[in-house]
Amino acid sequence: MKKADIKFMQEALKLALQASSRDEVPVGAVVEYENKIIGKGYNQVEMLKDPTAHAEMIAITSATSYLKSKWLNKCTLYVTIEPCSMCAGALVLARIGRVVFGASDSKAGAFGSKLDINQLKLNHKINVKKGILENDCSQVMKEFFRKKRLEKLYSR
């Protein structure tokens with residue numbers, strides 16, 4: 001495990017906690033280029049009433065804006081949870097060089113859990129590393145949904 005992978009995943013985790021504090025599903029993402037964060041995002045689906053406002057999508061937009069380019073081939077996306085098929089597709093279109101994620105997502109993960117976008121015959125393959133700070137990333141998600149279940153229970 002590279003030191004840089006841990007450092008950037010910790011930044012993504014901070015963003016996931018920000019999302020959680022705003023009652024959003026706690027996913028955080030950062031885009032790294034030349035050892036510097038050039039894009040970041042956290043889920044804003046509820047706040048923006050936009051089903052596409054995932055952490056990865058916001059981080060991609062931020063990074064492409066910073067680079068003034070639609071390509072992110074020399075960049076790495078660090079995200080707390082395995083990206084869904086929408087985000088994986090956007091990452092292919094942006095030609096991201098590498099994706100590093102914390103916890104797998106058995107319900108919607110598109111880098112091996114539910115499907116693997118790299119197995120499709122697309123014009124770009126992404127280098128993927130999973131399991132960085134997996135327990136921390138998983139705990140943030142579990143705690144968020146545990147609280148949601150309790151809120152629902154007590155609101156009856």
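In this text, all values refer to a predicted model and were calculated from it rather than measured experimentally.
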* In terms of side-chain geometry, is the basic nitrogen of Asp105 or Lys130 positioned less than 4.0 Å from the acidic oxygen of its partner? ->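 So Asp105 does not pair with Lys130 through a salt bridge.
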Side-chain heavy-atom pair [X], [Y] within 4.5 angstrom cut-off:
X     : Y      : value
Val31 : Thr76  : no
Lys7  : Asn35  : yes
Ile81 : Phe101 : no
Val27 : Met141 : yes
Phe8  : Lys2   : no

When you measure from the side chain of [X] to the backbone N and O of [Y], does any donor-acceptor pair fall under 3.5 Å?
X      : Y     : answer
His124 : Ile96 : yes
Thr80  : Gly28 : yes
Lys49  : Glu46 : yes
Thr61  : Met57 : yes
Ser62  : Ile58 : no

Between [X] and [Y], is there shared hydrophobic-cluster membership here, with clusters defined by ILVMFWY side-chain heavy atoms closer than 4.5 Å?
X      : Y     : answer
Leu13  : Val79 : no
Val128 : Val92 : yes
Met9   : Leu15 : yes

Decide side chain to side chain contact (heavy atoms under 4.5 Å, CB included) for Leu17 and Val140; before the verdict, give the C-alpha distance in whole Å, the side-chain angles of both, and the deciding distance to 0.1 Å. CA-CA 7 Å; Leu17 292 172; Val140 169; 3.9 Å; yes
Working to the nearest 0.5 Å, report the span between [atom1] of [X] and [atom2] of [Y].
X      : Y      : atom1 : atom2 : value
Ser138 : Leu133 : OG    : CG    : 12.0 Å
Arg149 : Tyr154 : CZ    : OH    : 13.0 Å
His54  : Ile60  : NE2   : CD1   : 11.5 Å
Glu32  : Glu11  : CD    : CD    : 12.0 Å
Ile126 : Asn73  : CD1   : CG    : 11.5 Å
Glu143 : Lys148 : CD    : NZ    : 12.5 Å

*Apply the test side chain to side chain donor-acceptor pair (under 3.5 Å) to residues Tyr78 and Lys129: give CA-CA distance (whole Å), side-chain angles for both, the deciding distance (0.1 Å), then the verdict.*
CA-CA 9 Å; Tyr78 292 87; Lys129 173 102 174 129; over 6 Å; no
Minimum heavy-atom distance between [X] and [Y], given as atom pair plus value:
X      : Y      : value
Ala103 : Cys137 : N-CB, 4.0 Å
Leu77  : Ala59  : CD1-CB, 4.2 Å
Ala110 : Glu82  : N-OE2, 3.5 Å
Arg98  : Asp5   : NH2-OD2, 2.9 Å
Val45  : Glu24  : N-OE1, 3.1 Å
Trp71  : Ser69  : N-OG, 3.0 Å

- Start with the C-alpha gap between Leu72 and Leu67, add the side-chain angles, then the distance that decides, and say whether side chain to side chain contact (heavy atoms under 4.5 Å, CB included) holds. CA-CA 8 Å; Leu72 298 175; Leu67 290 176; 3.7 Å; yes
### Query
Counting only heavy atoms not in Lys125, do more than 12 sit closer than 6.0 Å to its NZ atom?
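Yes, enclosed.
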**Message:** Counting neighbours of CZ on Phe144 that are heavy atoms of other residues, nucleotides or ligands and sit closer than 6.0 Å, is the number greater than 12?
**Reply:**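 Yes.
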Stepwise salt bridge (Lys or Arg N to Asp or Glu O under 4.0 Å) test for Asp23 and Lys147: CA-CA 10 Å; Asp23 208 27; Lys147 270 192 350 207; over 6 Å; no
Ile132/Glu134 under side chain to side chain contact (heavy atoms under 4.5 Å, CB included): CA gap, chis, key distance, verdict = CA-CA 5 Å; Ile132 302 297; Glu134 181 175 9; over 6 Å; no
Determine, stepwise, if the pair Asn127 / Val99 fulfils side chain to side chain contact (heavy atoms under 4.5 Å, CB included).
-> CA-CA 6 Å; Asn127 182 330; Val99 168; over 6 Å; no
Throw together a table of side-chain donor-acceptor distances under 3.5 angstrom for residues 37-44, partners on residues two or more places apart or in other chains.
residue : atom : partner : partner atom : Å
Tyr42   : OH   : Arg22   : NE           : 3.3
Asn43   : OD1  : Ala55   : N            : 2.8
Asn43   : ND2  : Val25   : O            : 3.2

